[in-house]
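Naming convention: chains lettered A, B, ... in sequence-line order (proteins, then strands); numbering from 1 in each chain.
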Number of protein chains: 2
Amino acid sequence: MARNTNPSELRAAILDEARECLIAEGYLSLSMRKIARAVGCTATSIYLYFQDKDDLLHALINEGMERLHNQLLGSLDGVQDPVQRCHKLCRSYLEFALENRQYYEVMFLLHPAHMKRYPKELYRRARRNLDLFADALAAVKGRPGSEEKEDLRSAHVIWAQIHGAVSLHHSQRLDVNIDVLGFMDAVVDNAVGHLLCKQDEAS
Amino acid sequence: MARNTNPSELRAAILDEARECLIAEGYLSLSMRKIARAVGCTATSIYLYFQDKDDLLHALINEGMERLHNQLLGSLDGVQDPVQRCHKLCRSYLEFALENRQYYEVMFLLHPAHMKRYPKELYRRARRNLDLFADALAAVKGRPGSEEKEDLRSAHVIWAQIHGAVSLHHSQRLDVNIDVLGFMDAVVDNAVGHLLCKQDEAS
DNA sequence: CCGTTAACTTTACACTGTTAACCGAAAAAT
DNA sequence: ATTTTTCGGTTAACAGTGTAAAGTTAACGG
């Protein structure tokens with residue numbers, strides 16, 4: 001590759017190609033040499049701009065987290081009813097998972113032993129997505145502030161429900177007789193419905 | 001390795017070593033050469049008894065499925081109440097997942113692109129585990145036989161809930177502030193509670 | 001014009017799963 | 001009893017993988 005005065009140009013090209021390759025073929029076939037070949041440099045050149053393969057992957061994961069965050073925020077636009085907001089968040093998360101399969105996989109499905117620890121600062125940003133759920137749940141109960149811990153747990157329960165469904169779907173473990181979209185509807189209903197149930201109990 | 005008259009002896013040794021290695025170090029560090037070294041033969045000898053690495057892994061997955069099946073069946077022993085039976089199944093599944101982490105990972109977490117298709121016959125056996133859930137659900141509703149499809153879907157919803165929780169836990173994506181056991185209790189309660197909710201509605 | 005800096009490449013290492021060719025001892029056949 | 005065949009197991013090799021160390025060469029500062 002020709003010498004490059006602008007030092008960030010190659011870095012951007014690598015990231016672009018990595019993203020494209022990820023989306024097109026999945027993270028399993030993401031190889032340093034393959035990216036390099038497509039970008040027109042050598043595999044070791046990537047190490048000039050990324051500490052290692054994980055570092056490159058972390059950058060992509062972060063991109064995905066930002067996209068998800070924006071999508072979640074967008075889904076709340078103009079929605080006032082607390083329960084409705086929870087519902088919107090769930091559907092939006094689900095939509096993201098189904099429409100950005102490869103992103104979702106590196107973000108939430110990739111086994112951590114495959115990768116070194118996700119950097120603290122990036123984690124903090126990603127964590128905002130979970131907070132969105134927890135906040136929405138707190139709003140449902142009306143009394144904000146208190147019971148933070150319980151809201152966090154409830155957010156995790158909902159997350160686990162949807163993530164589990166997506167995870168089974170992506171890994172093709174759902175029975176063939178299952179209608180995927182109908183199943184996903186049931187999953188969201190169950191995740192949010194559980195709240196309404198508890199809500200009813202409380203009132 | 002010395003010549004072996006009994007042809008299945010080496011095969012058993014390989015399988016034993018593979019299982020041990022899986023449990024001790026996880027499927028990521030399962031390598032043909034490593035297994036062979038531990039067993040005292042060469043890597044290519046494994047191909048005399050297993051079609052490829054996936055075939056070997058399938059054998060281990062099947063083992064896990066059988067163990068899970070026995071555990072699930074055992075948990076129902078002497079339990080009559082239909083709702084209780086659902087509860088027992090959930091707790092038993094959860095217990096298996098937490099206590100047999102490495103098995104669970106190859107059984108339910110391993111990305112299918114990592115592996116060739118799970119053989120049909122083995123799948124049929126594994127599928128019995130899901131059927132256990134579906135049957136238990138059907139019993140709750142009282143009217144057995146009808147609504148099979150809905151029971152299957154409900155079983156998947158519950159499965160997704162628990163699997164999601166386990167999956168997030170195993171991949172260390174649960175927030176550090178979450179008490180794992182308490183969280184898992186909430187998850188099971190939610191999964192089964194959802195049934196009771198519906199049950200109440202119906203009556 | 002020379003010396004330094006730094007962008008990029010070459011080479012190499014230790015791995016991975018897997019195939020093809022080979023070896024040699026046991027079993028079968030003559 | 002000697003030859004032939006079978007087959008359990010090994011060796012060598014291929015095409016990959018991520019990555020560290022060393023080498024090259026173009027651009028820039030004095």
Parallel, tilted or perpendicular: which describes the rings of A/Trp159 and A/Phe108, with under 30° parallel and over 60° perpendicular? perpendicular
I want to verify a distance call: between D/dG8, C/dT18, D/dT10, whose nearest atom is closest to the B/Tyr49 side chain? D/dG8
Any A/Ser31 side-chain nitrogen or oxygen under 4.0 Å from OP1 or OP2 of D/dT17: yes
For D/dT10 and B/Tyr47 - does any side-chain N or O of the residue sit under 4.0 Å from the phosphate oxygens OP1/OP2? no
Considering only D/dT19, C/dT9, D/dG9, which nucleotide approaches the side chain of A/Lys53 most closely? D/dT19
Are there over 12 heavy-atom neighbours, none belonging to B/Glu20, within less than 6.0 Å of that residue's CD? no
With a 3.5 Å cut-off and just heavy-atom distances, do the side chain of B/Thr44 and the base of C/dT18 make a donor-acceptor pair? no
Can the ring centroids of B/His114 and A/His114 be said to lie less than 6.0 angstrom from one another? yes
Any N or O donor-acceptor pair linking the side chain of A/Arg33 to the base of D/dG16 at under 3.5 Å? no
B/Asp52 CG to C/dT16 P: how many Å, rounded? 17 Å
Can you find a side chain N or O atom of A/Thr42 that sits less than 4.0 Å from OP1 or OP2 on C/dT9? yes
Please classify the nucleic acid contact of A/Ile46 as base, sugar-phosphate, or nothing, using heavy-atom distances under 4.0 Å. nothing
Quick one: do the B/Ser171 and B/Arg173 side chains pair a donor with an acceptor below 3.5 Å? yes
